[in-house]
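Below: the structure, in structure tokens.
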Amino acid sequence: MNYEQIIRLMLERGFLLPSSEIYADALAGFWDYGPLGVALKNKYVELWRRYLVRRDNMVEIDGCQIMPKSVFVASGHLAGFEDPIVSCTKCNLTLRADRLIQEKTGKIIPERLPNQELDNLISSNDIRCPNCGGNFGNVRRFNMMFKVNVGPSGEEAYLRPETCQSIFVDFPRLFKVMRCKLPVAFAQYGKSFRNEISPRQSLMRLREFYQAEIEVFFNPDKANEFEKFDAVKSEVLRLALDGEKLEEITAAEALEKGYLPNKLIAYYLVILKQFYQYAGLDVKRSRFRKLGDDEKAFYASSAFDFEVETSLGWIELVACNHRGDYDLSGHSKVSKKDMTVLDGDRDVLPNVFELSMGVDRSIYAIIEHSLVVDGERTVLRFKPYLAPIQVGVFPLVTRDGLPEAAKQIYSKIKLNFEAFYDESGSIGRRYRRMDEIGTPFCITVDYQTLEDNTVTIRDRDTMKQDRVKISELEQALQRRLFTYSP
RNA sequence: GCGGGAUUGGUCUAGUGGUUAGGAUACCAGCCCCCCAAGCUGGUGGUCGCGGGUUCGAAUCCCGCAUCCCGCACCA
């Protein structure tokens, strides 16, 4: 299935809704999660906590979405997150001013050049609209951050464009009160906001979106003194170092060959890949792509994108950036707070390696990779522990006391599991409905139930059934649902 | 932002100026009672993205706006 069909399925089944769709002035780039979507997302985030946050003893926080101007002065977003743009006075075509000039003149044009100088370059080189030949207006700045006004005085503040700034500004206190030692990782799941010029493809480019970010703070002199690496050194990574060319190589070899800068980064790339394996992504269709200098974010000294192949092509799920001491030194300068911490007997300003995960995109990718159309059967083969509905409960027929028996089981197990009771239509039809939303197990109450207090558990993927005693049902479900596997 | 296409019940769709907007699917109820969908009967649900205009009369023509898709540009 392609992107469009998948989105239709998500809309139809209550995974996703266009936000404020009843109004004609609904905004592009905003989508709501429906009941199944939020259930899937919550379980995905729980898995993230299990396989990354808890596994690595990370410290999780939940920071505010609105932050004061100073934060973004220090982070560089007020200057660096801003593009010089210019519009044609005739056809309104809008382009990046620096790139336009660079393209026409062949000269390297720094993005930070003042507007006036960019204007001068456009007129002195007689640059006209490539679309209609019209003249360009004056260069202006477009900042992708949403500005908000706080309090009656309208104090200038911004919606955070990335969640990690909360971690950086909280770092000094957190490090102390949580009794941290380097290296230490901080994690946060939450919303970020970017005023995208043209949001497209629903979950791929949202203006309000979820990130799950991990910021690893470490002593740059000790990035190779990293014992945890040994446990994962023989894991295979798929690396795209130079364009599309792909190398499958163990983490240890990648280090030896200098593809990866240090053990710490190698370790986190491995556990990120492992996490996605557990999330049910087809990692054979994934890669870590090394970004060229022209693609990297302004704060990154080296960067890998974790990407997966979908019907939309390769999409970026996680940006893995070596941010150096960019953030802490920036915040230290602007806030005049000391951001150094004690490591051994020495004060160090930690460096940061981040795994910045796009949650919404990940959800999309998992759905696409989980979807199997097998003849007439449409199945979402979610890992059981990610399934929005975990178990369906059905009476085989609607007579002879079977519905009553089934409802009794349902009312009991729904306290511990996401269960769904259904008695409408044929039994096969009910199984298929569950297949379509990825429910891994269905319990059927049949005539034998009335005789010996057993029910069948039907497996979504094999369609086979096991018979279990009602008294052992919850245990049996527990075991099936929470067997984690890559 | 630019160019192109699209916008009719949950979903797909017929309908290009004129009676209560038709169908499929889904859904609901009843029948059937069947362990892998699409059997029978009945039923709910749309005023046609929003606003304005033309016309005696518009889902159907015109304008504006919004959203979605594709291409370009943008994507810290």
Side-chain angles (χ1 to χ4, degrees), chain A residues 2-5 7-14 17-31 34 72 75-83 85-88 90-96 99-100 103 111 129-132 134 142-145 160-162 165 192 194-202 204-207 295-300 303 312 315-316 319 321 356 358 375-379 392 394-400 402-403 423-436 442-448 455-456 458-460 462-465 467:
Chain A
N2 63 28
Y3 164 79
E4 219 168 319
Q5 293 168 306
I7 292 297
R8 192 183 301 152
L9 185 134
M10 290 176 75
L11 289 166
E12 210 176 324
R13 300 287 165 208
L17 297 84
S19 191
S20 307
E21 69 168 325
I22 64 166
Y23 287 103
D25 61 349
L27 300 162
F30 296 88
W31 293 78
F72 303 108
S75 73
H77 284 89
L78 270 172
F81 206 49
E82 189 176 67
D83 294 330
I85 55 171
V86 67
S87 298
C88 172
K90 207 164 135 200
C91 74
N92 229 348
L93 177 74
T94 303
L95 299 165
R96 283 260 312 242
R99 299 225 177 141
L100 176 73
E103 204 177 293
E111 196 183 308
C129 174
N131 190 36
C132 71
F142 177 76
N143 194 293
M144 299 244 300
M145 284 194 293
R160 60 184 181 185
E162 52 180 11
Q165 292 306 323
S192 291
R194 293 177 195 179
N195 200 2
E196 296 285 354
I197 294 169
S198 64
R200 285 276 170 88
Q201 298 170 323
S202 57
M204 297 314 128
R205 184 131 37 104
L206 294 160
R207 285 178 166 143
E295 298 184 277
K296 286 187 304 203
F298 61 83
Y299 46 69
L312 293 169
I315 60 175
E316 173 195 343
N321 294 309
S356 173
E376 293 166 332
R377 222 161 72 95
T378 300
V379 190
F394 312 142
L396 181 63
V397 296
T398 55
R399 63 202 261 185
D400 304 323
L402 264 48
E423 60 176 38
S424 78
S426 73
I427 187 72
R429 186 194 197 89
R430 284 174 267 158
Y431 289 146
R432 296 296 165 86
R433 274 200 283 249
M434 289 294 105
D435 289 342
E436 264 187 48
C442 293
I443 291 166
T444 305
V445 170
D446 56 16
Y447 285 103
Q448 195 179 328
V455 292
T456 60
R458 178 247 193 202
D459 182 287
R460 176 195 65 205
T462 63
M463 297 201 285
K464 295 226 172 73
Q465 289 175 294
R467 191 164 280 278

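As a basis for the values below, the full set of heavy atoms in this structure was taken, side chains included, without hydrogen atoms, waters or symmetry mates. We name chains A, B, ... by the order of the sequence lines, and we start the count at 1 in each one.
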Only pairs with both distances under 3.5 Å count, Watson-Crick or wobble alike; so what is the partner of [N] in this structure?
N: B/rC65; value: B/rG49
N: B/rA29; value: B/rU41
N: B/rG18; value: B/rC56

Take the protein atom [atom1] of [X] and the nucleotide atom [atom2] of [N], then report the distance between them rounded to whole Å.
X: A/Glu21; N: B/rG10; atom1: CD; atom2: P; value: 9 Å
X: A/Met204; N: B/rC69; atom1: CE; atom2: P; value: 10 Å
X: A/Arg399; N: B/rC35; atom1: CZ; atom2: P; value: 12 Å
X: A/Arg460; N: B/rA37; atom1: CZ; atom2: C1'; value: 18 Å

Checking contacts here: which listed nucleotide ([options]) is nearest the side-chain heavy atoms of [X]?
X: A/Arg200; options: B/rC72, B/rC12, B/rC36; result: B/rC72
X: A/Ala28; options: B/rU67, B/rC69, B/rC35; result: B/rU67
X: A/Arg8; options: B/rC68, B/rU11, B/rC28; result: B/rU11

How would you label the contact of [X] with the nucleic acid (heavy atoms, under 4.0 Å): base, sugar-phosphate, or nothing?
X: A/Gly29; value: sugar-phosphate
X: A/Thr398; value: base
X: A/Tyr3; value: sugar-phosphate
X: A/Asp446; value: base
X: A/Leu27; value: sugar-phosphate
X: A/Ile427; value: sugar-phosphate

Give me the distance, rounded to whole Å, that separates [N] from [M] when you measure between the [atom1] atoms they each carry.
N: B/rU13; M: B/rU54; atom1: P; value: 33 Å
N: B/rU16; M: B/rC72; atom1: P; value: 35 Å
N: B/rG15; M: B/rC56; atom1: P; value: 28 Å
N: B/rA59; M: B/rG4; atom1: C1'; value: 23 Å
N: B/rC40; M: B/rA24; atom1: P; value: 12 Å
N: B/rC48; M: B/rG22; atom1: C1'; value: 13 Å

Test your reading of the model: is there a side-chain donor-acceptor pair from A/Arg200 to the backbone of A/Arg205, 3.5 Å cut-off? no
Quick one: does A/Asp400's side chain have a donor or acceptor within less than 3.5 Å of a partner on A/Leu402's backbone? no
If you take atom types as modelled and just measure distance, does the side chain of [X] reach the base of [N] with a donor-acceptor pair under 3.5 Å?
X: A/Arg458; N: B/rC36; value: yes
X: A/Ser426; N: B/rC34; value: no
X: A/Glu4; N: B/rC68; value: no
X: A/Arg205; N: B/rC74; value: yes

Please say whether more than 12 non-hydrogen atoms of neighbouring residues, nucleotides or ligands are located less than 6.0 Å from OH in A/Tyr447. yes
Does the side chain of A/Phe72 come within less than 4.5 Å of A/Gln165's, by heavy atoms? yes
Is there a donor in the side chain of A/Arg160 and an acceptor in the side chain of A/Ser75, or the other way round, less than 3.5 Å apart? no
Drop me the distance from A/Gln201's CD to A/Glu4's CD, to the nearest 0.5 angstrom. 10.5 Å
Tell me which of A/Pro161 and A/Arg432 sits closer to the 5' end of RNA chain B, going by the nucleotide each one is nearest to. A/Arg432
Using the closest heavy atom to pick a nucleotide of RNA chain B for each, name whichever of A/Glu196 or A/Tyr431 lands nearer the 5' end. A/Tyr431
